[in-house]
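Everything numeric in this text was worked out from a predicted model, so none of it was measured. Just the heavy atoms: all of them, side chains too, but no hydrogens, waters or symmetry mates, feed the values below.
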Amino acid sequence: QVQLDESGGGLVQAGGSLRLSCAVSGRTFSSYVMGWFRQDPGQERELVASIGRTDGNTYYADSVKGRFTISRDNAKNTVYLQMNSLKPEDTAVYYCAFRLGVRPIVGAASVDYWGKGTLVTVSS
């Protein structure tokens with residue numbers, strides 16, 4: 001089993017920044033892809049960003065390109081999401097996601113493990 005522990009959510013004013021962290025523990029794997037999703041109440045979970053473990057390839061949703069940066073520290077088994085220039089529409093619960101292997105995360109159905117989520121609230 002894999003456990004994902006998120007931290008870093010909170011309340012911030014529009015234009016501000018937050019950094020989310022997700023630490024991986026439990027069984028270890030040499031190849032996996034990690035990402036961040038977000039979800040508003042009543043909405044589907046949306047892929048925000050993802051990053052490969054070995055190749056470091058990244059993906060960003062159009063809505064966050066140029067504002068969010070995903071990174072990972074393999075020595076610490078931790079992935080980060082730096083969120084700058086936050087907007088009220090970024091308000092959501094953010095979930096850390098883990099997929100075994102090297103294939104990219106393409107949607108919620110491709111995720112093997114989820115974190116519990118951390119709330120990000122951006123006030124106008």
Open item on the list: So, taking the atom named OG1 in T118 and the one named CH2 in W36, what distance separates them when rounded to the nearest 0.5 Å?
Closed with: 7.5 Å
Open item on the list: Return the CE to CG distance between M34 and L81, rounded to the nearest 0.5 Å.
Closed with: 11.5 Å
TODO: Indicate yes or no for a side-chain donor-acceptor contact from Y80 to the backbone of T69 under 3.5 Å, with no hydrogens or angles considered.
DONE: no
Open item on the list: I'd like to know if the side chain of D40 and the backbone of Q43 have a donor-acceptor N/O pair within less than 3.5 Å.
Closed with: no
Which pairs would a plain distance check flag for residues 8-24, meaning a side-chain donor or acceptor within less than 3.5 Å of a matching protein atom at least two apart in sequence or in another chain?
from: S17; atom 1: OG; to: N84; atom 2: OD1; distance (Å): 2.9

Open item on the list: Just to verify, what does S25 make a side-chain contact (heavy atoms from CB on, under 4.5 Å) with, not counting sequence neighbours?
Closed with: Q3, D5
Task: side-chain contact (heavy atoms from CB on, under 4.5 Å) against K116, all qualifying residues, sequence neighbours excluded - done: E6
TODO: Check ring pair (Phe, Tyr, Trp, His ring centres under 6.0 Å) between Y113 and all other residues, then give those that pass, not counting sequence neighbours.
DONE: F98
Write out all pairs satisfying disulfide bond (SG atoms under 2.5 Å apart) with one or both partners inside [range], taking only residues at least two apart or from two chains.
| range | answer |
| --- | --- |
| residues 41-84 | none |
| residues 30-64 | none |
| residues 45-78 | none |

Work out which heavy atom in [X] is nearest to a heavy atom in [Y]; give both atom names and the distance.
| X | Y | answer |
| --- | --- | --- |
| L100 | D112 | N-OD2, 2.8 Å |
| G52 | R72 | C-NH1, 2.9 Å |
| C96 | V79 | SG-CG1, 4.1 Å |

Open item on the list: Less than 4.5 Å apart, side chain to side chain, heavy atoms only: is that true for I51 and Y60?
Closed with: no
Task: Residues clustering with V106 (ILVMFWY side chains joined when closer than 4.5 Å, directly or via others) - done: none
Task: Other cluster members, V93 - Ile/Leu/Val/Met/Phe/Trp/Tyr, side-chain contacts below 4.5 Å - done: V33, F37, L47, Y59, Y95, I105, V111, W114, L119
Task: Listed once per pair and sorted, the salt bridge (charged side-chain N to carboxylate O under 4.0 Å, His left out) pairs that draw on residues 7-17, sequence neighbours left out - done: none
- [ ] Using the salt bridge (charged side-chain N to carboxylate O under 4.0 Å, His left out) rule, collect all pairs that involve residues 88-106, keeping only residues at least two apart or in two chains.
- [x] R38-D90, R67-D90
